[in-house]
Amino acid sequence: MEEIQKNIYKIEQVELFPVIMEKKNDMWRLVQICCSFVEGNYEVTYSFATGYEISNYRLIVGKEESVPSISRVYKSAILYENEMRELFGLNVEFIKVDYHDKLYRINEETPFLKKEDR
Amino acid sequence: MPKRSIVPFGPQHPVLPEPIHLDLVLEDELVIEAIPSIGYVHRGLESLVAKKDFNEMVYVTERICGICSFMHGMGYCSAVEQIMNVQIPRRAEFLRTIWAEMSRIHSHLLWLGLLADAFGFEALFMQSWRLREKILDMFEIATGGRVIFSVNKIGGVLKDMPAEMLSNFVAVLDGMEKELRETTQTFLDDYTVKSRLVGVGILTEEDAIRRGAVGPMMRASGIEVDMRKTGYAAYDEIDFQVITSKECDSFARCKVRIAELFQSIEIIRQAVSKIPDTEISVPVKGFPNGEAYVRLEQPRGEAFYYVRANGSKFVDRMRVRTPTFANIPALMQVLQGCQFGDVPLLILTIDPCISCTER
Amino acid sequence: MAQFLSFTKTVMKNLFSKPVTTAYPAAPKIYPERTRGHVEIQIESCIMCGMCMRSCPPGAIEVKRNENSWSINRFDCVQCGYCVEKCPKKSLSIVPGYTTPDSKKSIETIIKQSDGTEGEKKDA
C-alpha cells in the first residue's frame, strides 16, 4: 500500500479484501466506488469514511482483468458495482444483486468508454 | 410459510414526481424485501466532459438536479479550484454559503410539502410550498433564476449581492421564521401526522453505517456527521451545532429537517453579519492538471465530487456521487418489515431525487 | 391539546386574508431586474468573433462571419449567460422576459449591415 496523494492509497488486488474487512470491522461506511479509464487501465477507487475522516483505496485493473465484488461485505456496493460494469464494461464478479447491465435502461454498451478504447 | 407475492411499485406513482421502480416481496401486508430498479431517466451527464470544456461543465453540473443545483455547481467548481490551486476571494465563499443555505431551506420546505401530500394533508402541503415561494423569489432577485442560478464560475461567483439586498433578505427570513414556526408546529404536534410517522421505518445507527446512509437520514439515526463541519466555503467561521436525533424513525427524520430549516436561517444571519468586502472572483489562467475530490453537504446529504484532469481543455473524468444514490440501500433496509401502506411514505422520508441519482 | 386542531389557526388566518397568489394574467408579472429571460444582441458593436458560438453549452448560437449574421435558436438556449460573460465587446446581454412558446422550433437571425446598423431580422 502506498500513499499517492493525501488520503489516496494505491493497493494491489490481494490487499483489497483485508482492507475492506478492516474497514467493516472498524465501522467505516462506504462513501462511493468510482471507476475511471486511464491509459488503457481501469482505476477503481473505493472511498470509506468514518466521522469526518476519509480514505480512498485505488486499484489498477487491466482492461481484460476483473475485480471481485465487495457487495457481500458492504451491501450498498451493489449499485456502484452494477453502475461501473454497465457504464465502463469493467468485469465485476459475483455481485450480490446482479442487474445484468440493466441498471440504467440504455441501449448503448459501455457508453462511458471512448470509442477507441472499447 | 405464508404465501408470498410480488407487487410492482412505480415507476409511476402518486407520491413520486420522478420514476423509480421497486419490486416489493410481500407476505400478506408485510414487506419482506424490496428490490430497487432505476434507470428510466439516465442522461449520462458525467460523460459530457468529453464534449464540453471545463468551464462549460459548470453549467452542465448545475443541471444535474433542479433542487440542489447551486450546490452541484459549487461542488464541481471547488474541485477544479482545488486542482488548479486557486484560492477564491472570501466574499465569494460567503456568497456561496448564503446561497447554499437558501437552497437548503428551499429543499427542506419542498420536502415537507411533499411529505404532507404523501400522508394526505394537502393544506399543509400548500402552506409549506407557499413559504418556499418566498425563497424562490429571493433567488430570482439575487441571481436571475428561480431554480438554476448560473452564478458559479471557476474562481469565484458571477454576481454580487449588495449590502442592501442582503439586509432585505434577512428581513424576509425574519418574517418567514415566524410563519415557519407556526407551520412546522403542525408537523411536530399534530396527532394525525404523528400517527403516520412515529415508530415507522426504523433505521438503527449500525444499519445506517452499514448501508452507507448520508445526510438527515444518517443524522436522524444518531450519527453526528455533517460535512459543513469540515469547514469548506465559509462554514469555518460560522458557529452551528450538528442536529441529530436518537429516535431513528420517520418522525426523527422530519424533526431533523425542520430543525435544519431554522439552523439555515441562523447561518444566513451569521454569514450576512460577517461577510467581508472583497472581490467576488479571481481570474483563472491555464488548464487544470491533476485530481481532487470534494465532499459537501447538500440538503439531502453528503455529495461526493471527483474530478481528474489531464492539462487539456477537457476534463478526463468527473464523478458525482449524489446523496440519493447513497440513500437507496438504506431505503431498502428501512422497507424490510414495514407495512405495504407505509411504502410510499418511507420512500419519501429519504427525500429521493431520482434525476440526481441517474445524472 | 396541541395535538388536535393544531392547523386551525393557520386555516382561520388563510380564510380571512387576501390570496397570496397574483391575478396573472390580468395583473402582469413584474420580473426583477436580474431575471435571466432571454439573450439580446447589440449588433452595432458585434465584431463577429464567434466567441459566443464556441462557448455556448447547448450550441444554440451560430455566427456566420462571411454573411455578417448572428443567429440564435431560442428553443435550445438555456439562459445560462455564459455567452454574455465571454463576449469581448459586451454586445450581448441577458434581459428579463421569457421567450414565448411556439408549435415549432425556429431560429432567429440578425444581419449586420455594412454601415454597422441592424439589418433585417428573420425567423427560419
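A note on names: the letters A, B, ... follow the listed sequences, proteins ahead of strands, and every chain is numbered from 1.
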Note to self: Less than 4.5 Å apart, side chain to side chain, heavy atoms only: is that true for B:Ile83 and B:Asn289?
What the structure shows: no

Notebook entry, point to check: Which bit of B:Val41 comes within less than 4.5 Å of chain A, counting heavy atoms only: side chain, backbone, both or neither?
Noted result: neither

Item checked: Residue among A:Val38, A:Leu30, A:Ile54, A:Ile78 with most heavy-atom pairs under 4.5 Å to chain B -> A:Ile54

Margin query: Could you check whether any side-chain heavy atom of B:Arg308 comes within less than 4.5 Å of a side-chain heavy atom of A:Thr45, counting everything from C-beta outward?
Written below: no

Notebook entry, point to check: Which bit of B:Glu302 comes within less than 4.5 Å of chain A, counting heavy atoms only: side chain, backbone, both or neither?
Noted result: side chain

Checklist line | Portion of B:Arg321 that has a non-hydrogen atom of chain A nearer than 4.5 angstrom | finding: side chain

Check: Contact part of B:Val320 toward chain A, heavy-atom cut-off under 4.5 Å: side chain, backbone, both or neither?
Finding: neither

Next item on the list: Could you tell me which portion of A:Glu39 (side chain, backbone, both or neither) has an atom closer than 4.5 angstrom to a non-hydrogen atom of chain B?
Entry: neither

Next item on the list: Mark yes or no: A:Lys24 above the aromatic ring of A:Phe48, with NZ or CZ under 6.0 Å from the six-membered ring centre and no more than 45 degrees from the axis.
Entry: no

Check: Run the salt bridge (Lys or Arg N to Asp or Glu O under 4.0 Å) check on B:Glu81 and B:Arg96 step by step: do they pass?
Finding: CA-CA 14 Å; B:Glu81 281 153 11; B:Arg96 281 186 184 178; 3.1 Å; yes

Check: Between atom SG of A:Cys34 and atom CZ of A:Arg58, what is the distance when rounded to the nearest 0.5 Å?
Finding: 7.5 Å

Next item on the list: Name the region of B:Ala213, side chain, backbone, both or neither, that has any atom closer than 4.5 Å to a heavy atom of chain A.
Entry: backbone

Item checked: Which portion of A:Glu83 sits near chain B, non-hydrogen atoms under 4.5 angstrom -> side chain

Check: Quick one: what part of B:Asp226 sits under 4.5 Å from any heavy atom of chain A, side chain, backbone, both or neither?
Finding: both

Item checked: Between CD on residue B:Glu206 and CD1 on residue B:Ile209, distance to nearest 0.5 Å -> 8.0 Å

Notebook entry, point to check: Which answer fits B:Thr322, side chain, backbone, both or neither, if we ask what part of it has an atom under 4.5 Å from a heavy atom of chain A?
Noted result: neither

Check: Between the side chain of B:Arg300 and the main-chain N/O of B:Met217, is any donor-acceptor distance below 3.5 Å?
Finding: no

Checklist line | Heavy atoms of other groups near A:Lys75 NZ, more than 12 under 6.0 Å | finding: no

Checklist line | Under-4.0 Å salt bridge between B:Glu260 and B:Arg219 | finding: yes

Check: Given a strict heavy-atom distance threshold of 4.5 Å, which part of B:Tyr306 is in contact with chain A: side chain, backbone, both, or neither?
Finding: side chain

Checklist line | Under 4.5 Å from a heavy atom of chain B, the part of A:Asn56 involved | finding: side chain

Next item on the list: Identify which part of B:Met332 has an atom lying under 4.5 Å from any heavy atom of chain A, answering side chain, backbone, both or neither.
Entry: neither

Check: Does any heavy atom of chain A fall under 4.5 Å from the side chain of B:Phe325, the backbone, both, or neither of them?
Finding: both

Notebook entry, point to check: Which bit of B:Arg317 comes within less than 4.5 Å of chain A, counting heavy atoms only: side chain, backbone, both or neither?
Noted result: side chain

Next item on the list: Examine whether an atom of B:Ile328 lies under 4.5 Å from a heavy atom of chain A, and if so say whether it belongs to the side chain, the backbone or both; otherwise answer neither.
Entry: side chain

